[in-house]
Amino acid sequence: MNSSDAVYDLDTAGLPKHVAIIMDGNGRWAKSRLLNRIKGHERGADTVRMVVRTSREIGIGVLTLYAFSSENWQRPPSEVAALMRLLKRFLKSEEAEMCDNNIRFNAIGDIARMPADVRQILQHIIRLTADNDGLLLNLALSYGARDEITAMVRALAAKAASGELEAADISAELIADHLYTRKMPDPDVLIRTSGEMRVSNFLLWQIAYTEIFVTQTLWPDFSREEYLSILRDFQKRDRRFGRVEL
Ligand code: FPP
């Protein structure tokens, strides 16, 4: 960071507590350069490093990255295998940085579906960083919001059936407490790169009042400057949560 860096224009008191990102456009980035899609994912992994570093540096509480959706299993096996290899490489290379920088690592999604070797590294880093209390880096892996909501309904229904819970006890707080994001604030900001105007089954319950930013930039080209500029724009937005100013 240097003194000309846009980070100095940020109001540190009004930073989002939770930033969520749909990282899209790796394939198109590669295609436009006549490269294999995997090259796009490799460059995308560098952007992941940048947003994690920047988020930690400026004091974001939680960063949730949509790294692999439950639908992504339907991609060609060679692409799925390459994404798993990249993820492993990323986790191994960032392990020390997470420890040194007080980052707590977490994974949300149907982690049981991940390959055993990836699961092992995930569990290792989750355990290793469990006592850190700086940035919480939350990777969404094999994640789908409808699956998450279905699991929550099943858990509450089981508790109701066993008599542990009355139907009237079910509240928005109790529902939030049975999602993967339990104990985390809802995202204040959702960023989607590459211009698509959809939420693609990401954090459907949690984004009820989230400010959404869609940029045309493809994920491998997403820069620190653009990230900081979105955070500055967020600070100018008037969030009313359905109320009116009196
Ligand atoms: C979207 O690009 C991105 C993904 C499917 C996954 C995101 C993966 C990374 C950023 C790389 C590795 C991640 C980590 C955490 C190291 P796309 O393939 O859908 O792009 P397209 O829509 O242009 O085809």
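Read the numbers this way: they start at 1 and go in the same order the structure lists the ligands and their atoms. Hydrogens, waters and symmetry mates are skipped; everything else that's a heavy atom, side chains included, is used.
In plain terms, the two heavy atoms of S194 and R28 that are nearest each other are OG-NH2, 2.9 Å.
A salt bridge does not link E97 with R56: none of the charged nitrogens is closer than 4.0 Å to a carboxylate oxygen.
Only side-chain heavy atoms of R37 come within less than 4.0 Å of ligand 1; its backbone N, CA, C and O stay farther off. Contacts between E94 and ligand 1, counted as non-hydrogen atom pairs separated by less than 4.0 Å, are absent for every part of the residue.
Among all protein heavy atoms, the one lying closest to atom 14 (C) of ligand 1 is V48 CG2, 4.2 Å. Considering only non-hydrogen protein atoms, atom 3 (C) of ligand 1 sits nearest to M23 O, 3.0 Å. Remark: minimum distance from atom 7 (C) of ligand 1 to any protein heavy atom is reached at A67 O, 3.5 Å. Distance from atom 2 (O) of ligand 1 to its nearest protein heavy atom, with residue and atom name: N26 N, 3.3 Å. Of all protein heavy atoms, the one lying nearest to atom 20 (O) of ligand 1 is G27 N, 3.0 Å. Looking only at heavy atoms of the protein, atom 22 (O) of ligand 1 is closest to R28 NH2, 2.9 Å. Nearest non-hydrogen protein atom to atom 11 (C) of ligand 1 is H41 O, 3.4 Å.
The line from CG of L228 to OG of S223 is 8.5 Å long, rounded to the nearest 0.5 Å. Interatomic distance, N101 CG to T129 OG1, rounded to the nearest 0.5 Å: 12.0 Å.
With contacts defined as side-chain heavy-atom distances shorter than 4.5 Å, the pair M23/L65 qualifies. Using a 4.5 Å heavy-atom cutoff, the side chains of S70 and D110 are not in contact.
Both tests hold for R237 against F213: distance to the six-membered ring centre under 6.0 Å, angle to the ring axis within 45°.
Side chain of R119 to backbone of A112: a donor-acceptor contact under 3.5 angstrom is found.
In terms of polar-atom proximity, W29 is not counted as a contact of ligand 1, lacking any N or O under 3.5 Å from an N or O of the ligand. Not a single N or O atom of L83, backbone or side chain, sits closer than 3.5 Å to an N or O atom of ligand 1. The shortest N/O to N/O separation between N72 and ligand 1 does not fall below 3.5 Å.
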So H18 and Q206, side-chain hydrogen bond (donor to acceptor under 3.5 Å, both in side chains) or not? Walk me through it. CA-CA 11 Å; H18 185 168; Q206 298 88 335; over 6 Å; no
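The distance from ligand 1 to the heavy atoms of F90 drops below 4.0 Å at these ligand atoms: 16 (C).
Residue-ligand proximity: G25 is placed with a non-hydrogen atom under 4.0 Å from ligand 1. By the 4.0 Å heavy-atom criterion, R75 is counted among the residues contacting ligand 1. Heavy-atom separations between W219 and ligand 1 include at least one value shorter than 4.0 Å.
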Donor-acceptor pairs are to be reported for all side-chain atoms of residues 134-146 against protein atoms at under 3.5 Å, with residues two or more places apart or in another chain.
from : atom 1 : to   : atom 2 : distance (Å)
N138 : OD1    : N106 : ND2    : 2.8
N138 : ND2    : T64  : OG1    : 3.1
S142 : OG     : W73  : NE1    : 2.9
Y143 : OH     : E148 : OE1    : 2.5
Y143 : OH     : L203 : N      : 3.1

